Amino acid sequence: MSFEERDHTADILMHIRSPSLCGLFADAGQALMKTMYRGTAKPVEEVTIQITGETTEHLLHGFLSELLFESEVANLVFSEFTIIIGEGEVSITARGEPFNPATHGGGTEVKGISWYGLSILKENNEYSCDILFDV
Amino acid sequence: MIEGIKKIGDYEWELPIGFVEGMHVPGRFFLSEKLTGTLEEGALHQLANVATMPGIIRNSLAMPDIHWGYGFPIGGVAAFEYESGVISPGGVGFDINCGVRLLTTPLTPGDLIKKKEILDALYDAVPVGVGARSSLRFSEKQLETMMTEGTAFAVGEGFGNKDDILHCEEQGGMKGAEPAFVSKKARSRGVPQCGTLGAGNHFLEIQVAQEIYDEPAAKAYGLEKGQICMMVHCGSRGLGHQVCTDHLQILEQATRKYHINLPDKQLACAPLTSPEGKAYYGGMAAAANYAWANRQIITHQIRSVLTRLCGIAYDDIRLVYDVAHNVAKIEEHDVDGKRTKVCVHRKGATRAFGPDCQDVPPDYAHIGQPVIIPGSMGSSSYLLKGTDVAMDRTFGSTCHGAGRVLSRSQAKKKLQGKTIRETLGRSGIMIKAPHDGAIAEEAPDAYKSSSEVVSVVHNLGISRLVARLEPLGVIKG
């Protein structure tokens, strides 16, 4: 898992790095969950997310927006992601457990995933991007 | 000082055309010398980016609480010509109609012997923090009416009185709301959260009116020195967040369809008169109305607690006013001597309409609209009044708060929630929050001085000080 929070005055700016594109998506999902919730979550329930989009950035933005939605509505904290990226589409299986205020409470509410500065780079066999969560 | 900006008045600075490529108008922002140290290059670039948007009138503006956000800077204001201009969720934010309301009570600090009990009861009555759900469940039909009517819906359901409607910006219900443009996903996020505060910088505070600067205005607003007040800061919850997410996707495509070149994808926009622009406006207005209903329901919970624990009458807890500080609105303003229909985006900025302006409640018409500026946790909040100067210079707008200077991660590294809780406790300020981390993130030191920010808008005349309120008890989301 490789993500780190960088300084941003108003919101949460995450820098994500991974040797693979699928890893980048999974780490971005982890970054979102770690922002919203404390503690760990057992992979006892799963949801499947399908996203289509013109660019890889569209796929990543769509995935994170959908993950935020699923987490909030299904009341689930996700901890594991299986990512399959195809031409103009991505399929994600996200696994986790129901939100428990005692073990997961105390995180930061994320309102949405911003497009600001979202660009996926590939340098020296590593993918990276910055993602801003509105909180 | 950041290169390229020019001081043009005591509190006024200009960002010339050319600061970023494609600017149609200069940027203009308001700051005291004392606040210039808080100015961030990222925020100035965002201010300049807004100036590249089609149909922008006069200036891309920023209030003294300007800070680095996404799309527009926080504290950003921009008006666009209705016929040739655009509308953008980047000028509103995810939390549509995040706003503040101020209530007065007949209580004084001496009546708060049960302050802890009151705070505990408020904390139980108003769900806060991540994952919090409301005990209320509105039907699909009720949600539809809520999105159309806003405050009036909540009052009709028994969550308030008719005077509350008059004392909200837009009377708590934006016209032009189109629930049809609010997706099923947005509705499913909104239903369980109606009546909840949320998290982050949202709060519910017990305050005391510590100082009155303008007696006639305070009297008109029903505020006296030493009076216990309640302040609520929250927005449109998951429903509004999803409306923004959904329409950003549509508007990102529309930006290309209408050949609009933008330096930041978060500024995705469409002509106001286009189907995409109209759809966003309708959905945004529906979410704004949900937010007004939400704050109204929280008001009802506050009244119920105070009635039960303090023995005061429900109707003696009076709504002074409710302002939106994340919204885009169709308004009429004087532009080059002509009354002109425009769309004003206020992202982290408060409407500050002066005396006798349309939509100022009749009982406040001779004074101007109340402007509520929340402080950060533990610091002063302010009540101001709107002015004619704001109508002339800022499309009737002023600041919305103190404005952050520390990121949340910096705040958590530098400040300890437990220490802040104890320090504020020694000053008589009691805090309740789901987690100490939330206290550290929102500590007073993470923000600019609210008094310096309001002194800038007061001295500029774009709103004028009426009263200062100090916190006694804080519930953080």
Side-chain angles (χ1 to χ4, degrees), chain A residues 4-15 33-39 51-55 57-58 61-62 64-77 98-119 130-135, chain B residues 38 40 42-43 46 67-71 73-74 89-90 93-95 98 129-133 185-186 188-189 192-193 198-202 235 237-238 240-242 244-246 248-249 252-253 264-268 348 403-410 433-438 441 446 477:
Chain A
E4 59 176 348
E5 191 178 340
R6 294 198 164 167
D7 279 337
H8 184 274
T9 323
D11 298 302
I12 302 275
L13 180 64
M14 288 288 188
H15 181 66
M33 289 296 109
K34 290 290 177 192
T35 302
M36 295 172 71
Y37 306 110
R38 308 275 175 230
I51 304 290
T52 55
E54 291 169 42
T55 65
E57 283 84 357
H58 282 95
H61 187 269
L64 292 172
S65 297
E66 199 61 22
L67 188 66
L68 172 60
F69 170 77
E70 287 290 347
S71 177
E72 201 171 292
V73 171
N75 219 20
L76 288 171
V77 180
F99 171 76
N100 176 349
T103 51
H104 305 123
T108 305
E109 186 173 66
V110 174
K111 295 171 185 170
I113 315 300
S114 169
W115 269 107
Y116 178 70
L118 178 53
S119 175
D130 287 339
I131 302 174
L132 189 77
F133 302 145
D134 180 13
V135 298
Chain B
T38 65
E40 303 154 303
Q46 291 176 335
H67 60 281
W68 187 26
Y70 54 84
I74 316 290
F94 283 93
D95 199 1
C98 183
V130 177
R133 306 271 168 138
K185 285 165 79 174
S188 64
R189 282 178 80 175
Q193 294 184 350
N201 62 357
H202 293 165
R237 314 294 297 113
H241 310 164
Q242 191 67 38
C244 180
T245 298
D246 294 340
L248 254 179
Q249 208 177 347
E252 203 255 323
Q253 288 167 14
D264 175 6
K265 260 191 187 167
Q266 189 67 34
L267 290 175
R404 291 191 76 95
V405 284
L406 287 184
S407 70
R408 285 170 166 82
S409 60
Q410 282 172 328
H435 196 271
D436 273 351
E441 283 180 19

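Every value quoted in this text rests on a predicted model; they were computed, and no experiment measured them. In what follows, every chain begins at residue 1, and chains take the letters A, B, ... in the order their sequences are listed.
A distance of 7.5 Å separates NE2 of B:His67 from CG of A:Asp11, quoted to the nearest 0.5 Å. Atoms CZ and CZ, from A:Phe133 and B:Arg408 in turn, are 13.5 Å apart once rounded to the nearest 0.5 Å. Remark: B:His241 NE2 to A:Ile113 CD1 distance equals 12.0 Å, nearest 0.5 Å. Atom NZ of A:Lys111 and atom SG of B:Cys244 lie 11.0 Å apart (nearest 0.5 Å). Taking NZ of B:Lys265 as the start and CG of A:Leu118 as the end, the distance is 7.0 Å to the nearest 0.5 Å. Here CD of B:Gln410 is found 7.5 Å from OG1 of A:Thr9. Values are rounded to the nearest 0.5 Å.
Heavy atoms of B:Ser188 lying under 4.5 Å from chain A belong to its backbone as well as its side chain. Neither the backbone nor the side chain of B:Gln249 comes within contact range of chain A; no heavy atom of the residue lies under 4.5 Å from a heavy atom of that chain. A:His104 does not touch chain B: none of its heavy atoms, backbone or side chain, sits under 4.5 Å away. Proximity to chain B (any heavy atom under 4.5 Å) is restricted, for A:Glu66, to the side chain, taken from C-beta onward. Residue contact with chain A, scored on non-hydrogen atoms closer than 4.5 Å, involves the side chain of B:Ile74 exclusively. Residue A:Val110 touches chain B through its backbone alone, counting heavy-atom pairs closer than 4.5 Å.
For B:Arg237 and A:Glu72, the salt-bridge test fails: no basic side-chain N is under 4.0 Å from an acidic carboxylate O.
Taking each heavy atom of A:Val73 and B:Arg189 in turn, the nearest pair found is CG2-CG, 3.6 Å. Taking both residues in full, the closest heavy atoms of B:Gly198 and A:Glu109 are given as CA-OE1, 3.8 Å, listed atom of the first, atom of the second, then distance. Closest heavy-atom contact between B:Val130 and A:Tyr37: CG1-CE2, 3.8 Å. Listed here is the closest heavy atom pair of B:Gly69 and A:Ala10: CA-CB, 4.3 Å. Among all heavy-atom pairs drawn from B:Asp95 and A:Asp134, the shortest one is N-OD2, 4.4 Å.
Ranked by heavy-atom pairs shorter than 4.5 Å toward chain B, the options A:Gly106, A:Gly105, A:Ser114 are led by A:Ser114. Between chain A and the residues B:Arg133, B:Glu252, B:Glu40, the most heavy-atom pairs under 4.5 angstrom are made by B:Arg133.
Aromatic ring pairs are classed by plane angle as parallel below 30°, tilted from 30° to 60° and perpendicular above 60°; the pair B:Trp68 and A:Tyr116 is perpendicular.
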